[in-house]
Amino acid sequence: MAKRARMYWLMKSEPDEYSIDDLQRDTDECCPRGRCSWDGVRNYQARNFMREMAVGDLVLFYHSSTKPPGVAGVAEVCRAAYPDHTQFDPKSKYYDPKSKEAEPRWSMVDLQYVEHLAFISLATLKDTPALAEMKVVQKGSRLSVQPVRKAEFKAVVKLGKGKTRVR
DNA sequence: GCCAACGTTGGC
DNA sequence: GCCAACGTTGGC
């Protein structure tokens, strides 16, 4: 596998379902390298972006469907895409009867906690000229996994006074 | 392959 | 809770 430059992403989660605090707890509890599996993505565009992720990529953890919505912290990809097991589980709300084990339709990645940021609301993101092209600030943007430019990632971390190092 | 109907997301 | 925007489904 050819090495490629680190990439940056934004992933949305409803904090009632899974928040940055949950990720921190899951990462801490399974020392030294706890993780959470990002299951349940059932959108092809989002899936395809997850399949592009590599270990070491950094992720803006976005809280959606809450008031206010916004970026709550940073996570790191610690396992590249592999089949999402919930698609084969009839009891799961993510069950997909059309997906076959031999040819899984849906993927997930594993993340680990990096840090909290001072919460950056969507309104603040929209008010920041350097972030005007981010997908998340576009009207009607529903994509739950999206790529972020390095400069945008840096600017958001700075807004949140984060310590995440971006090389 | 078109497109209307339907379901979901997610800000407000 | 509303509803606009978007994605998916399925009849034709």
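Computed from heavy atoms alone, side chains included, the values below leave out hydrogens, waters and symmetry copies. Letters go in sequence order (proteins before strands), and every chain restarts at 1.
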Worksheet item: Same cluster for Met50(A) and Phe88(A) if Ile/Leu/Val/Met/Phe/Trp/Tyr side chains link at under 4.5 Å?
Response: no
Worksheet item: Pick from Tyr94(A), Tyr44(A), Trp38(A): which one makes a ring pair (Phe, Tyr, Trp, His ring centres under 6.0 Å) with Trp106(A)?
Response: Tyr44(A)
Worksheet entry | Spacing of Lys135(A) atom NZ relative to dG7(C) atom P, expressed in whole Å | 12 Å
Response to the item:
Checking dT8(C), dT8(B), dG11(B) against the side chain of Asn43(A) (C-beta onward), the nearest is dT8(C)
Worksheet item: Atom CG of Asp127(A) to atom C1' of dG11(B): distance rounded to whole Å?
Response: 15 Å
Discussion item. Quick check on the hydrophobic clustering: are Leu125(A) and Trp9(A) connected, directly or via other members, by side-chain heavy-atom contacts under 4.5 Å?
Written reply: no
Discussion item. Check for me, please, whether Phe153(A) and Met7(A) land in the same ILVMFWY cluster - side-chain distances under 4.5 Å, paths through other members count.
Written reply: no
Practice prompt. Output yes when at least one side-chain N/O atom of Lys139(A) is less than 4.0 Å from OP1 or OP2 of dA5(C), else no.
Written response: yes
Worksheet item: How many Å lie between CG on Leu122(A) and C1' on dT9(B), as a whole number?
Response: 14 Å
Worksheet entry | Spacing between Asp96(A) atom CG and dG7(B) atom C1', to the nearest angstrom | 15 Å
Worksheet item: Glu14(A) has an atom CD; how far is it from atom P of dC12(B), in whole Å?
Response: 15 Å
Discussion item. I want to check one thing: is the phosphate of dG11(B), taken as OP1 and OP2, less than 4.0 Å away from some side-chain N or O of Tyr62(A)?
Written reply: yes
Fill in: d(CG, Asp16(A); C1', dG11(B)) in whole Å
15 Å
Worksheet entry | Candidates dA5(C), dG10(C), dG11(B) - which lies nearest the side chain of Arg142(A) | dA5(C)
Practice prompt. Using the ring of Phe49(A) (Phe, Tyr or Trp, six-membered ring only), decide whether Arg47(A) places NZ or CZ under 6.0 Å from its centre and within 45 degrees of its axis.
Written response: no
Item to complete: State whether Lys12(A) places a side-chain N or O below 4.0 Å from either non-bridging phosphate oxygen (OP1 or OP2) of dG10(B).
Response: yes
Response to the item:
Rounded to whole Å, OH of Tyr44(A) lies from C1' of dT8(C) at a distance of 9 Å
Worksheet item: Using a cut-off of 4.0 Å on non-hydrogen atoms, how would the nucleic acid contact of Gln45(A) be classed: base, sugar-phosphate, or nothing?
Response: sugar-phosphate
Worksheet item: Counting only side-chain N and O atoms of Lys126(A), is one of them less than 4.0 Å from OP1 or OP2 of dC12(B)?
Response: yes
Response to the item:
Taken to the nearest whole Å, CD/Gln138(A) to P/dC6(C) is 10 Å
